Amino acid sequence: MKLATWNINSLNVRLPQVIAYLQANPVDALCLQELKLSDDKFPVAALEEIGYHAVFTGQKTYNGVAILTRQPVKDVAKNIDGFEDTQQRVIAATLDTPAGELRVVSAYCPNGQSVGSDKYEYKLKWFAAFREGLQKELARYPRLAVLGDYNVAPDDRDVHDPVKWEGSVLVSEPERAAFRSLLDVGLHDAFRLFEQPPKSFSWWDYRQLGFRRNAGLRIDHILLSDTLKAVCSECVIEREIRKNEQPSDHAPVMATLEI
DNA sequence: ATGGTTGCCATGCAA
């Protein structure tokens, strides 16, 4: 079973690339972030044509998340239970597998803009609420996978120039602590379960030839519960996708589960 | 030190 996550920065613009990706990599579930469209504009039919179901929660211009699956899903939940928010950042759904129910979450964590800003404060509050939400998910679903754009580079290994980035948004210690607090509920960073190439990143700024210089950050992650960690055989960043014409600024991250 | 790019949508804002 293969799960992937990709911040596509507008589904309107990137739909052909999403379709091409799925045809080349027919993953069982693809989590998308930054749809940037309202639900009435979601391309249900185009995805159906290539054999994918979709659950989604979108809004005009900003945010928006989806889960695309080869099989129908159940128990769809939108947003974080008990956290009032107009921003559409979380969707969860359950897949039936031979091993039992698999819970998949697609998350677009806040960017935070700059340390100390209102958006940064919102980001930290959001993470605290997300942690509570994930704790509840884990209590109900031992097979839990949380995929998305976390907008946090957990470690200096995940930063192309740690000195330059020190203390900045996406890297600051309070954000890293917020990310670790998600792991504390019983989740594992799938990418770090395996030996990885040095300077592995998942996002490169459009500006300053970020991708060409590999001036990136690893901020897109797949978190797995203990039960799924035990059956995870691979986790890779699909860097080649960032070379597409008119690319998203993020590359997909994909994990294989032996279930 | 500042601005670079992209996507939204028509202007600055968010990332």
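Here is the naming used below: chain letters follow the sequence lines, and residue numbers restart at 1 for every chain. Bear in mind the structure is a predicted one, so any value in this text is a computation, not a measurement.
A donor-acceptor contact under 3.5 angstrom links the side chains of Asn9(A) and Lys36(A), judged on distance only. Judged by distance alone, the side chains of Glu101(A) and Thr94(A) never bring a donor and an acceptor atom under 3.5 Å apart. Side-chain atoms of Asp40(A) and Ser38(A) include a donor-acceptor pair closer than 3.5 Å.
Crowding of Asp118(A) atom CG: a count of heavy atoms from other residues, nucleotides or ligands under 6.0 Å not exceeding 12. Atom CD of Glu166(A) has 12 or fewer heavy atoms from other residues, nucleotides or ligands within 6.0 Å.
Contact of the Asp75(A) side chain with the Arg140(A) side chain is registered, since non-hydrogen atoms from C-beta on lie closer than 4.5 Å.
Classification of Glu240(A) and Lys243(A) as a salt-bridged pair holds, one side-chain N sitting under 4.0 Å from a carboxylate O. Ion pairing between a basic and an acidic side chain is recognised when a charged N comes within 4.0 Å of a carboxylate O; Arg176(A) and Asp156(A) show such pairing. A salt bridge between Asp85(A) and Lys125(A) is absent, with no side-chain N of the basic residue lying under 4.0 Å from a carboxylate O of the acidic one. Between Lys74(A) and Asp96(A) there is a salt bridge, with a side-chain nitrogen of the basic residue lying less than 4.0 Å from a carboxylate oxygen of the acidic one. Under the 4.0 Å criterion applied to side-chain N and carboxylate O atoms, Asp189(A) and Arg218(A) are assigned as salt-bridge partners.
Atom C1' of dT2(B) sits at a distance of 23 Å from the matching atom of dG7(B), rounded to the whole Å. Rounded to a whole angstrom, the distance from the P atom of dG3(B) to that of dC13(B) is 14 Å. A distance of about 23 Å separates the P atoms of dC9(B) and dG4(B), rounded to the whole Å. For the C1' atoms, the distance from dA1(B) to dG12(B) is 23 Å, rounded to whole Å.
In this structure, Leu134(A) belongs to a hydrophobic cluster whose other members, linked by side-chain heavy atoms under 4.5 Å apart, are Ile80(A), Phe83(A), Val90(A), Val105(A), Tyr122(A), Trp126(A), Phe127(A), Phe130(A), Leu138(A), Leu144(A), Val146(A), Tyr150(A), Val152(A), Phe179(A), Leu182(A), Leu183(A), Val185(A), Leu187(A), Leu223(A).
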Show the distances under 3.5 angstrom between N or O atoms of the protein and N or O atoms of nucleotides 4-8 of chain B.
{"unit_1": "dG7(B)", "atom_1": "OP1", "unit_2": "Arg14(A)", "atom_2": "NH1", "d": "3.1"}
{"unit_1": "dG7(B)", "atom_1": "OP1", "unit_2": "Arg14(A)", "atom_2": "NH2", "d": "3.4"}
{"unit_1": "dG7(B)", "atom_1": "O3'", "unit_2": "Ser10(A)", "atom_2": "OG", "d": "3.4"}
{"unit_1": "dC8(B)", "atom_1": "OP1", "unit_2": "Ser10(A)", "atom_2": "OG", "d": "2.4"}

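The distance between atom NZ of Lys119(A) and atom C1' of dC13(B), rounded to the nearest whole Å, is 8 Å. Spacing between atom CD of Gln87(A) and atom P of dA14(B) amounts to 10 Å, rounded to whole angstrom units.
With sequence neighbours excluded, no residue satisfies ring-ring contact (aromatic ring centres under 6.0 Å, His included) with Phe201(A).
Stem analysis of DNA chain B (Watson-Crick or G-U pairs, both distances under 3.5 Å, runs of at least three) returns B:5-8 with B:12-15.
Listed by residue number, Asn111(A), Gln113(A) are the residues of residues 110-118 of chain A with a heavy-atom contact under 4.0 Å to DNA chain B. Scanning residues 163-182 of chain A for heavy-atom distances under 4.0 Å to DNA chain B yields an empty list.
Using a 4.0 Å heavy-atom criterion, one finds that Tyr108(A) contacts the sugar-phosphate atoms exclusively.
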